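Read through the structure below, which is laid out as structure tokens, and then see the notes.
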Amino acid sequence: MNELTTDNKNNLARNEEGYLLDFSQWTPEVAQQIANEEKIELTDKHWEVISFLQDCYRKSMALSIRTFGKGGPVSIKELYALFPNGPLKQSTKIAGIPKPAGCV
Amino acid sequence: MNDSTQSTTLESITEAKQSPASIKKMMLILSKATLDNVYACFILANGARMEGIEAEIFFTFFGLEAIKQKSLEHLHVATVGNPALHIPTMLGGLPGVEALASKAMKKEMEKLDIPGVQEFLEILSASGVKLWACKLAMDMFHLTEKDLFKEIAGVLTVGQFYDRAKGDHTHILFI
């Protein structure tokens with residue numbers, strides 16, 4: 001198990017890949033910290049994607065790249081530009097939700 | 001959580017990600033256009049991009065059907081010579097059986113949120129997958145670029161395709 005130490009010294013549990021185990025522990029500061037690890041500088045567009053993903057998660061919607069093709073806050077092309085090393089992999093990690101399990 | 005034997009430091013995670021053994025680029029060659037082969041190829045290409053791996057597809061011989069605008073939404077699964085489908089060969093050859101099986105398969109794929117061929121090609125293109133048509137096969141089938149899906153990257157010879165595969169950690173996969 002892997003932990004993320006926040007600025008106010010809370011240790012948040014994460015899995016081997018670095019995903020938070022408990023979404024309720026997520027804060028924008030945590031997002032910022034994970035984004036730093038992923039070497040991503042968060043812009044307004046990133047935050048839009050993050051809150052969209054979290055909404056999907058709260059509604060228990062299965063996430064796939066198709067979700068963005070059908071109408072997300074940004075297009076598939078933009079999503080890749082925002083999160084170049086695996087769009088859903090990186091964005092869900094920063095959003096504090098589990099990595100999508102599907103193949104598409 | 002406090003089990004130190006399982007503890008993974010952030011450094012080791014980052015290191016694993018950048019380990020020299022990881023795949024950097026997938027070069028897929030699609031030589032068939034039965035629905036199952038096309039989906040296998042597209043899912044592998046999309047899956048690579050989703051993991052941050054580069055991907056390109058070279059459509060050759062019958063694989064061209066998957067980017068031929070007129071035929072790409074009418075691909076079928078083989079009902080003859082496909083024992084894994086568990087349809088007796090004699091029955092699989094009857095008129096309409098192949099179309100019926102293909103329709104059933106597309107329906108199942110849609111249930112799993114897997115897009116159709118046209119939409120899938122659009123997703124691949126938007127995801128940065130380069131789609132190449134094989135020059136020899138284009139000539140053989142008397143096709144021009146106008147006959148193809150509009151977002152293909154171009155027409156290549158085998159030599160040009162190999163040239164694009166240069167560099168470490170590139171894998172070539174023939175489907």
Side-chain angles (χ1 to χ4, degrees), chain A residues 1-6 10-22 25 30 33-40 53 56 60-72 74-93 99-104, chain B residues 1-19 22-26 36 38-55 106 108-131 151 153:
Chain A
M1 209 82 67
N2 169 33
E3 288 182 345
L4 179 80
T5 311
T6 59
N10 285 326
N11 285 339
L12 310 185
R14 302 202 285 179
N15 71 10
E16 314 73 52
E17 290 181 293
Y19 289 80
L20 287 190
L21 295 185
D22 181 1
Q25 294 180 320
V30 170
Q33 245 181 306
I34 301 175
N36 289 345
E37 289 169 16
E38 296 283 324
K39 299 191 172 56
I40 287 176
L53 291 173
C56 292
S60 310
M61 264 171 66
L63 282 169
S64 72
I65 196 71
R66 202 183 185 193
T67 316
F68 285 84
K70 280 177 177 168
V74 298
S75 70
I76 292 176
K77 222 177 197 160
E78 287 172 300
L79 188 67
Y80 271 96
L82 294 172
F83 304 95
N85 289 324
L88 281 184
K89 225 172 93 172
Q90 287 187 307
S91 55
T92 49
K93 193 187 283 184
K99 181 176 163 183
C103 276
V104 173
Chain B
M1 223 170 293
N2 296 319
D3 186 355
S4 59
T5 53
Q6 279 195 342
S7 138
T8 319
T9 62
L10 182 60
E11 282 75 15
S12 71
I13 291 174
T14 319
E15 246 170 57
K17 247 191 238 160
Q18 293 164 345
S19 93
S22 54
I23 301 171
K24 283 201 183 133
K25 191 172 183 180
M26 286 302 294
D36 42 334
V38 171
Y39 271 125
C41 177
F42 286 7
I43 290 168
L44 283 164
N46 179 67
R49 293 299 298 127
M50 297 284 283
E51 294 294 321
I53 298 167
E54 282 179 67
K106 284 181 193 171
E108 285 304 313
M109 297 301 263
E110 181 60 47
K111 270 192 220 159
L112 294 171
D113 200 31
I114 310 263
V117 175
Q118 168 85 27
E119 188 191 339
F120 216 145
L121 283 169
E122 284 161 10
I123 291 175
L124 292 174
S125 171
S127 305
V129 176
K130 290 213 164 58
L131 309 168
E151 289 166 40

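This structure is a prediction, so every number in the text was calculated from the model and none was measured. In what follows, every chain begins at residue 1, and chains take the letters A, B, ... in the order their sequences are listed.
- Here B:Pro115 is the residue among B:Gly52, B:Pro115, B:Gly47, B:Ser125 with the most heavy-atom pairs under 4.5 Å with chain A.
- Residue B:Glu122: no heavy atom, backbone or side chain, is found under 4.5 Å from chain A.
- Judged by distance alone, the side chain of A:Gln90 and the main-chain N or O of A:Asn85 form a donor-acceptor pair under 3.5 Å.
- Here A:Ile76 is the residue among A:Leu88, A:Leu79, A:Ile76, A:Thr67 with the most heavy-atom pairs under 4.5 Å with chain B.
- Judged purely by atom type and a 3.5 angstrom limit, B:Ser127 uses its side chain to pair as donor or acceptor with the backbone of B:Ile123.
- Only the backbone of A:Pro84 comes within contact range of chain B, judged by heavy atoms closer than 4.5 Å.
- Side chains of A:Gln33 and A:Glu37: no donor on one and acceptor on the other come within 3.5 Å.
- In terms of modelled atom types and a separation under 3.5 Å, the side chain of B:Arg49 and the main chain of B:Ile53 share a donor-acceptor contact.
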